[in-house]
Amino acid sequence: MMPIPWRVAERWDETADTFTVALEPSRPGEPPGFKPGQFNMLYAFGAGESALSISGDPSLPGRRLHTVRKVGTVTSALARLRPGDQVGLRGPFGTSWPMTDLKGRDLIFVAGGIGLAPLRPAIYHALRFRADYGSIRILVGARSPADLLYAAELANWQEIPGVFREVTVDRGTAAWNGHVGVVTKLIPPLPLDPGNSAALICGPEIMMRYTATALREKGLPAAAIHVTMERNMKCALAHCGHCQIGPHFICREGPVYPLDRIAFWLTQREV
Amino acid sequence: MSPPSVQSILERDRLQDLFDVLHRRGYTVIGPTVRDRAIVCEALRAASDLPEGWEDVPEAGSYRLRRRPDKALFGFTVPTNSWKEWLHPKRLKLLGAGRDGEGNLHFTPGDDAEPPKLAFLGARSCELHAIAIQDRVFLGGTFVDPHYAKRRANVLIIATNCGRAGGTCFCVSMNTGPSVDGRRTPFDLSLTELLDDSGHRFLLEAGSQTGTALLDELPVREVTTRELRAARTLLDNTASQMGRSLETQGLAETMLQNLDHPRWQQVADRCLNCANCTMVCPTCFCTTVEDVTSLTGDHAERWRRWDSCFNLDFTWMHGGPARQSARSRYRQWLTHKLATWHEQFGSSGCVGCGRCISWCPVGIDLTEEARALRAP
Amino acid sequence: MTSLEPVLRQHPFFAGLDDAALTLLTGCARNVRFAPGQPLAREGRSADVFYLLRTGRAALGIPSPRGGTITIETLDAGDVIGWSWLFPPHLWQFDVTAVSEVHALALDGLCLRGKCEADPRLGYDLMKRFSRVMAARLAATRLQLLDLYRAGPHDFPSPEPP
């Protein structure tokens, strides 16, 4: 599958090691839509391709946001992009947060670190179709206040009626008067209706496992807990074999899974 | 509807006619020949390239050729390389990318040439099953691999029944041979080599309209009931000669229930992580990509090449590989091949060809490993 | 002055405690209030109370070798703070500072220790409640140790990239 050139409209830093690129199609015509939780393969000229979740608003498919952490060759090349530069884009790929199935439910978003990026399109969707959902809880864990993604937006979301937002950091600073501690500890005090709630979790696997356990202790069934998996991906077409976990091609059957479908493999080591 | 069944006899000394017919139709014949003291598949010019009078002796960690007492052309078991390299090339240019002065990118397809018409001569039943498996991988999913699809569409298959099983063969266990079965794995023509007091000849059976048309162009004669009986006896004998066996009943479940079995560490202690087994396996399909840039910096290419789950960087992510230990990588290979493949593609990923056993430098035998996992 | 018993009864830490025990505990409790920045406890000082947070947020910290205090964890309404009163030498092991205005119940450890020794049933019940909190805090601290969000998705050390 050939990439299509998209133009960098804007680029800004989010934190010391993360940045966001806003891409727009370089060709006229309706850009393909995407669903919250899906990812694109972004090609940086000469450096290669990387699977990157979409972090923008699904109602604005012509403005494709990717929040990226600089961790390797490709992401570092993407970090050097300037407005007007082009990247190759293939996608969107993969499963999405089941926003339609979740209509009428209370939503609990739990993000760890950069995990807020793949969740943000779902949050945008839920806020845009606010009446379709019950209460919205957004729980965010970050390494430190300086590592917190979308801090201004997080503050704004707090002001929306029916939205409850809590942020916790692993390492506080003198100026920080929010929570310090792991994100899982935000869960026990939550009043929640386990029969009518759904959780959407994104973060490191171990964080998702502990979060899922904390939610199950509150009575949430595994089928109502959704997680997103991450693996090395080369093709995004279920052909290259890299992203497999057990029988799952994460690029195709994932990245978003109901916990009951992936729980067995999520608890195995080195699979 | 079952494919048309037409059976005829082609004498050994007229086999070149088959090459001539295929060449006239524009096919390059890919078939077995002796090179570097091994039987390999490659482009053949003539029937004289076939490995006349040679057979292979595959064993765990060992492969030898030896002379046969007769002049059989297909007296070996399987060639060392599988047919996958013609359908799923080892290296393939995916695209070229150019960047102009304004930072605009232009992509050009890397593989837009029409693939050559290939005739696979001598593909065994296990190998047809392997091709059928890769068909499901590359053609049967959400996405079709266009590179595989166009090559596959241009292939004519002349299957060969096995007159002999090797020490590492276990197709009977995998229900993939030794006789080719056109209802399960379509072929254009099948060939059974008959070599007895009555002479050296081939029983040919058409499995497609193309196969029937080929037969029409060949100097064939009618088959006798004695020859049909001889062919059946030969295949029954082969089926009883399997050098290895694998109990598949409940195997997938057993493996997934034993992901922490001590055997994984024991086999990992022997495994060199050389990836040989994945390279010779006719169903292993994993690839990686390489990006190269011209020295001027205005042109880049993206290449795909075979990869292996035994490579440490196969599961590389920021922070390290997901499968760091040799134990986890061997476990991934075997559980994928024999267990999770079923859920993904509706069959085992193993066809019982035995290549991974003979080409393992330390003689790791997957039938033995699978058996060991059944013991608590 | 109104009795603190209803307040004690409503606090999650004492959920399900029987009336007799509650009455006993009420005798050891008093209302306290801390302004932001004010210490609830100081490392090394005598630990003769523990706190049940009713409102507000407190930070549990350790004096940093480079000066200042490193916050390990914050605690909120419904949380309990302090178990040093249970074990000799009864000294606080951490700093606890009010982040926002804190309303809490302070329970007198000296008085409680005596009651627990005299009534092992009460002592065991109280010990179970503290143990559960300690186990949860320990698990959370272990998770924090991983430095999850920096290390990437792996819970094992990683070699250099190839």
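In this text, all values refer to a predicted model and were calculated from it rather than measured experimentally. Order of the sequence lines sets the chain letters (A, B, ...), proteins ahead of strands, with each chain counted from 1.
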A:Gly112, A:Pro189, A:Gly172: which one forms the most heavy-atom pairs within less than 4.5 Å of chain C? A:Gly112
Salt bridge (charged side-chain N to carboxylate O under 4.0 Å, His left out): which pairs involve residues 57-71 of chain C, sequence neighbours left out? C:Arg57-C:Asp76
Between the side chains of C:His103 and C:Asn31, is a donor N or O closer than 3.5 angstrom to an acceptor N or O? no
A:Thr18 and A:Thr15: CA distance, side-chain angles, deciding distance, side-chain hydrogen bond (donor to acceptor under 3.5 Å, both in side chains) verdict: CA-CA 5 Å; A:Thr18 59; A:Thr15 65; 2.5 Å; yes
With a 3.5 Å cut-off and sequence neighbours excluded, list the donor-acceptor pairs that the side chains of residues 40-48 of chain C form with protein atoms.
none

Pairing residues for A:Asp170 by the side-chain hydrogen bond (donor to acceptor under 3.5 Å, both in side chains) criterion, not counting sequence neighbours: none
For the side chain to side chain donor-acceptor pair (under 3.5 Å) test, which of A:Thr67, A:Asn156, A:Thr20 pairs with A:Tyr150? A:Thr67
Quick check: closest heavy atoms across A:Ala77 and A:Ala44, and the distance to 0.1 Å? CB-CB, 3.8 Å
Honestly, the part of C:Leu60 sitting under 4.5 Å from a heavy atom of chain A is neither
Checking heavy-atom separations under 4.5 Å from chain A, one finds in residues 107-143 of chain C C:Ala140, C:Leu143
